[in-house]
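One structure follows; several queries about it will come next.
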Amino acid sequence: MSQKPAIPKGTRDFLPNDVLKRKLIFSTISDAFHRFGYQPIETPSFELSTTLMGKYGDEGDRLIFRILNSGEKVRKADLEALASDNLPRFANSLSEKALRYDLTVPFARFVVQHQNELSFPFKRYQIQPVWRADRPQHGRYQEFYQCDGDVVGSDSLRNEVELIQVIDQVLSTLNLPGFTIKLNNRKVLSGIAEVCNASDQLIQLTVALDKLDKIGEDGVINELMDKGFDSSLVDSIKPLFQLKGSFEERISFLSTFLSQSEIGMKGLEELGYIHSKFKDNPLKKGQLELDVTLARGLNYYTGAIIEVKAHEVEMGSICGGGRYDDLTGLFGVKGLSGVGISFGADRIYDIMETLGLFPADLSSGPDVLFLNFSEEEADQCAIWANAVRDLGKIAEVYPSQAKLQKQLKYANDKGVKWVLFYGEEERQKGMVILKQMESGEQYAYSASAWLSSWEG
RNA sequence: GAGGUUGUAGCUCAGCUGGUUAGAGCGUCGGAUUGUGGUUCCGAAGGCCGCGGGUUCGAACCCCGUCUUCCUCCCCA
């Protein structure tokens, strides 16, 4: 009985063409990091549950894929916890390992564990899959790649500037027609909450603000009202909805708005510093925008918040990041500040596919296919094939003496550029025939010299 | 986790109010063509109609459950 082939929800197979396109994105990202002096690392697919649990909030914990203990270990199951309906504790007793949920927490663990082998500031990049037990949706999967770059052990805002340059480099190289790099600062958000007398409700306030472009002004106001903010607060926040103009204009507006908040002014100063560094050293294609509604990842970001949106396509952010003071505090090393970004390779892929940005020759087939007429002639073709490969071209010999029709169809389907005929007829004449698949034209060469005169 | 939606051939989809043996296009394979592909013509293979239960003389179609698809929340890349 054969079973119906299927893969788990939220996962994908990648066909040869898909892989080539994905590799282009990955290599563009790693090249960019590499050129800025970042070093590659890798961490295991799964970590100890204790490393991951509790780091992403209750929502996050729910979305972590856990690995069931195997063998005798299942005996450790805490049946008392089950009986008393303590499901989290019961789950913990069944599972000691979990698939990584992102690359940041494993990186923090990595830095602490290898602190004596690293020299700081440590700049690393990492391109590996992560897993989330999320409900799949457009552009959202249960297994997807993250491409992270972080600097740990340096407070300098020059790191933020550099990471923005990396983003610009990557997305410009991939030929995205345009993209906006949105900047905000956690301190500005704290300042806003402070001047609105809502410091204790910072998270609810910013989560609502974050939805401005999605649900509009009225939507944000309704949400704030629903959450019990009083109307005087809502009124005091309204001016922010009108924030328009250039980066400088927005800063000058905010410096009035936040003038009573020390922390808010500090955040503005940081934003201004970062922005000023691009005056004489401009970005290639990226446009910087100050967006006070940006609030992603609020749980651990403490300074800069970065998010990138592609133009011309309706799609969530394709890159995000920010600064988190005390990245490694959870693992026992205090005072190491980190700042990092994460590219969403899958979304970049979707955008490039939608806009037709992948180069056409990416998936071009082998340069030459040697048709197989007989064992003896195929042996000669195999020798030639190696010579072609030594020229840096792709060559293959058809593995069996199938009908020519089948061999040519194979060449056609695979996008082979040239096909070489060397059968009994050609061998006796000391010739080869080269056929250009696209045009169908055929050329005869002498068997001893075809390779040097072939321009394929 | 909440709400909605989808599931029929490898793919995209028809299938009437419940009524014989479930269809088409594309793709695949074979032939026309024993040494020439992409076009054309002919032919063939390929279906527990998502899965399990129920209603009925009778179910792809109605009901329940379950899984799955896509979407909106939540959250996020």
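Here is how names work: the chains are called A, B, and so on, in the same order as the sequence lines, proteins then strands, and each is numbered from 1. Predicted model, so just to flag it, every value in this text is computed and none were measured.
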_Distance check, P atoms only: B/G18 and B/A60, in whole angstrom units._
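Their P atoms lie roughly 13 Å apart.
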*Nearest-angstrom distance, C1' atom, B/G47 to B/U12*: 16 Å
*Who pairs with A/Glu375 by side-chain hydrogen bond (donor to acceptor under 3.5 Å, both in side chains), at least two apart in sequence or on another chain?*
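Applying side-chain hydrogen bond (donor to acceptor under 3.5 Å, both in side chains) to A/Glu375 gives none.
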_Would you say A/Lys409 places a side-chain N or O within less than 4.0 Å of OP1 or OP2 belonging to B/U28?_
yes
*Determine the contact category for A/Tyr410: base if any of its heavy atoms lies under 4.0 Å from a base atom, sugar-phosphate if only primed atoms, P, OP1 or OP2 are that close, otherwise nothing.*
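The residue A/Tyr410 makes no contact with any strand.
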_Taking B/G31 as the reference, what is the distance to B/A45 when you measure between their P atoms (whole Å, please)?_
16 Å
*asked:* Nearest whole Å is fine: how far is B/A77 C1' from A/Ile167 CD1?
replied: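 From A/Ile167 CD1 to B/A77 C1': 13 Å.
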*A/Lys414 near the nucleic acid: base, sugar-phosphate alone, or nothing, with a heavy-atom cut-off under 4.0 Å?*
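Nothing, no nucleic acid heavy atom in range.
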*asked:* Regarding A/Gln401 and A/Ser374, do their side chains bring together a donor and an acceptor under 3.5 Å, going by distance alone?
replied: no
*Return the value, rounded to whole Å, for the distance between atom CG of A/Asp61 and atom C1' of B/C76.*
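It is 15 Å, rounded to the nearest whole Å.
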_Whole angstroms only, please: what is the CG-P distance between A/Asn412 and B/U28?_
11 Å
_Going by the rule side-chain hydrogen bond (donor to acceptor under 3.5 Å, both in side chains), which residues pair with A/Asp134 if we only count those two or more places apart in sequence or in a different chain?_
A/Arg140
*Can you sort out the partners of A/Asn185 under side-chain hydrogen bond (donor to acceptor under 3.5 Å, both in side chains), two or more places apart, ordered by chain and number?*
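Checked A/Asn185 against side-chain hydrogen bond (donor to acceptor under 3.5 Å, both in side chains); matches are A/Glu270.
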*If the C1' atom of B/C51 is compared with that of B/U6, how far apart are they to the nearest Å?*
15 Å
Please tabulate, one pair per line, each protein N/O and nucleotide N/O from nucleotides 65-67 of chain B that are separated by under 3.5 Å, including the distance.
none

*Would you classify A/Glu426 as touching base, sugar-phosphate or nothing, given that sugar-phosphate means primed atoms plus P, OP1 and OP2, and contacts are heavy atoms under 4.0 Å?*
base
*asked:* Would A/Phe343 count as stacking on B/A77 if stacking means ring centres less than 5.5 angstrom apart and planes tilted under 30 degrees?
replied: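 No, the aromatic ring of A/Phe343 does not stack with the base.
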*asked:* In whole Å, measure the gap between the C1' atoms of B/U20 and B/G38 for me.
replied: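 After rounding to an integer number of Å, I get 44 Å for this pair.
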*Report yes or no: is there a donor-acceptor pair, N or O only, under 3.5 Å between the side chain of A/Gln401 and the base of B/G35?*
no
*Residues in contact with RNA chain B, drawn from residues 427-442 of chain A - heavy-atom cutoff 4.0 Å*: A/Lys435, A/Met437, A/Glu438, A/Gly440, A/Gln442
*Does A/Trp131 have any ring pair (Phe, Tyr, Trp, His ring centres under 6.0 Å) partners at least two apart in sequence or in another chain, and if so, which?*
none
*How far does the P atom of B/G50 sit from the matching atom of B/C16, given to the nearest Å?*
14 Å
*Separation of A/Gln142 atom CD from B/C75 atom C1', in whole Å?*
14 Å
*List for me each residue that meets side-chain hydrogen bond (donor to acceptor under 3.5 Å, both in side chains) alongside A/Tyr324, sequence neighbours excluded, and say none if there are none.*
A/Asp150
*Length of the line joining A/Asp134:CG and B/U72:P, which is rounded to integer Å*: 13 Å
*Send over the distance from A/Lys9 NZ to B/G50 P, rounded to a whole Å.*
20 Å
*Quick one: which residue pairs count as a salt bridge (charged side-chain N to carboxylate O under 4.0 Å, His left out) with a foot in residues 172-185 of chain A, not counting sequence neighbours?*
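Counting only pairs at least two positions apart or across chains, the salt bridge (charged side-chain N to carboxylate O under 4.0 Å, His left out) contacts touching residues 172-185 of chain A are A/Lys182-A/Asp291.
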*For the side chain of A/Glu424, counting heavy atoms from C-beta on, which of B/G37, B/A77, B/G35 is nearest?*
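Given the options B/G37, B/A77, B/G35, the side chain of A/Glu424 is closest to B/G35.
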*Rounded off to whole Å, could you give me the CG-to-P distance for the A/Leu63 and B/G1 pair?*
10 Å
*asked:* Classify A/Tyr145 by what it touches in the nucleic acid, base, sugar-phosphate, or nothing, heavy-atom distance under 4.0 Å.
replied: nothing
*asked:* Using the C1' atom as the point on both nucleotides, what is the distance between B/C62 and B/A2, in whole Å?
replied: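 It works out to 28 Å between them.
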*So, A/Tyr410 and A/Gln405: side-chain donor and acceptor under 3.5 Å apart, yes or no?*
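Distance-only check fails for A/Tyr410 and A/Gln405.
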*Any A/Gln407 side-chain N or O less than 4.0 Å from OP1/OP2 of B/U36*: no
*In chain order, what residues pass the ring pair (Phe, Tyr, Trp, His ring centres under 6.0 Å) check against A/His311, with sequence neighbours excluded?*
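If we apply the ring pair (Phe, Tyr, Trp, His ring centres under 6.0 Å) test to A/His311, skipping adjacent residues, there are no hits.
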*Sequence neighbours excluded, which residues qualify as ring pair (Phe, Tyr, Trp, His ring centres under 6.0 Å) partners of A/Tyr145?*
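For A/Tyr145 the ring pair (Phe, Tyr, Trp, His ring centres under 6.0 Å) partners, ignoring immediate neighbours, are A/Phe26.
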*asked:* Taking the C1' atom in each of B/C71 and B/G30, what is the distance between them to the nearest angstrom?
replied: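 B/C71 and B/G30 have their C1' atoms separated by 44 Å.
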*Provide the closest heavy-atom pair for A/Asn184 versus A/Val292 in the form atom of the first, atom of the second, distance.*
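Looking at all heavy atoms of both residues, the closest pair is ND2-O, 3.2 Å.
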_Can you give me the dot-bracket string for RNA chain B, 5' to 3', counting Watson-Crick and G-U wobble pairs with both distances under 3.5 Å, using [ ] for crossing pairs and | for partners on another strand?_
((((..(..((((.....[...)))).(((((.......))))).....(((((..]....))))))..))))....
*Look at the side chain of A/Arg135 against the base of B/C73 and say whether a donor-acceptor pair falls under 3.5 Å; ignore hydrogens and angles.*
no
*Name the residue closer to the 5' end of RNA chain B, choosing between A/Glu223 and A/Phe421 according to the nucleotide with the nearest heavy atom.*
A/Phe421
_Counting only side-chain heavy atoms from C-beta out, which of B/C74, B/U36, B/A77 sits nearest to A/Ser317?_
B/A77
*asked:* By nearest heavy atom, map A/Thr11 and A/Gln146 onto RNA chain B; which one lands nearer the 5' end?
replied: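 Of the two residues, A/Thr11 wins.
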*Could you label the plane-to-plane angle of the A/Phe33 and A/Tyr125 rings as parallel, tilted or perpendicular, counting under 30° as parallel and over 60° as perpendicular?*
parallel
*Under 6.0 Å from the six-membered ring centre of A/Phe107 and within 45° of its axis: does the NZ or CZ of A/Arg124 meet both?*
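Cation-pi check for A/Arg124 and A/Phe107: passes.
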*Rounded to whole angstrom units, what separation is found between the CD atom of A/Glu425 and the C1' atom of B/G35?*
7 Å
_A/Lys403 side chain, from C-beta outward: closest of B/C76, B/C71, B/G31_ = B/G31
_Checking A/Phe247 now: which residues fulfil ring pair (Phe, Tyr, Trp, His ring centres under 6.0 Å) with it, not counting sequence neighbours?_
A/His275
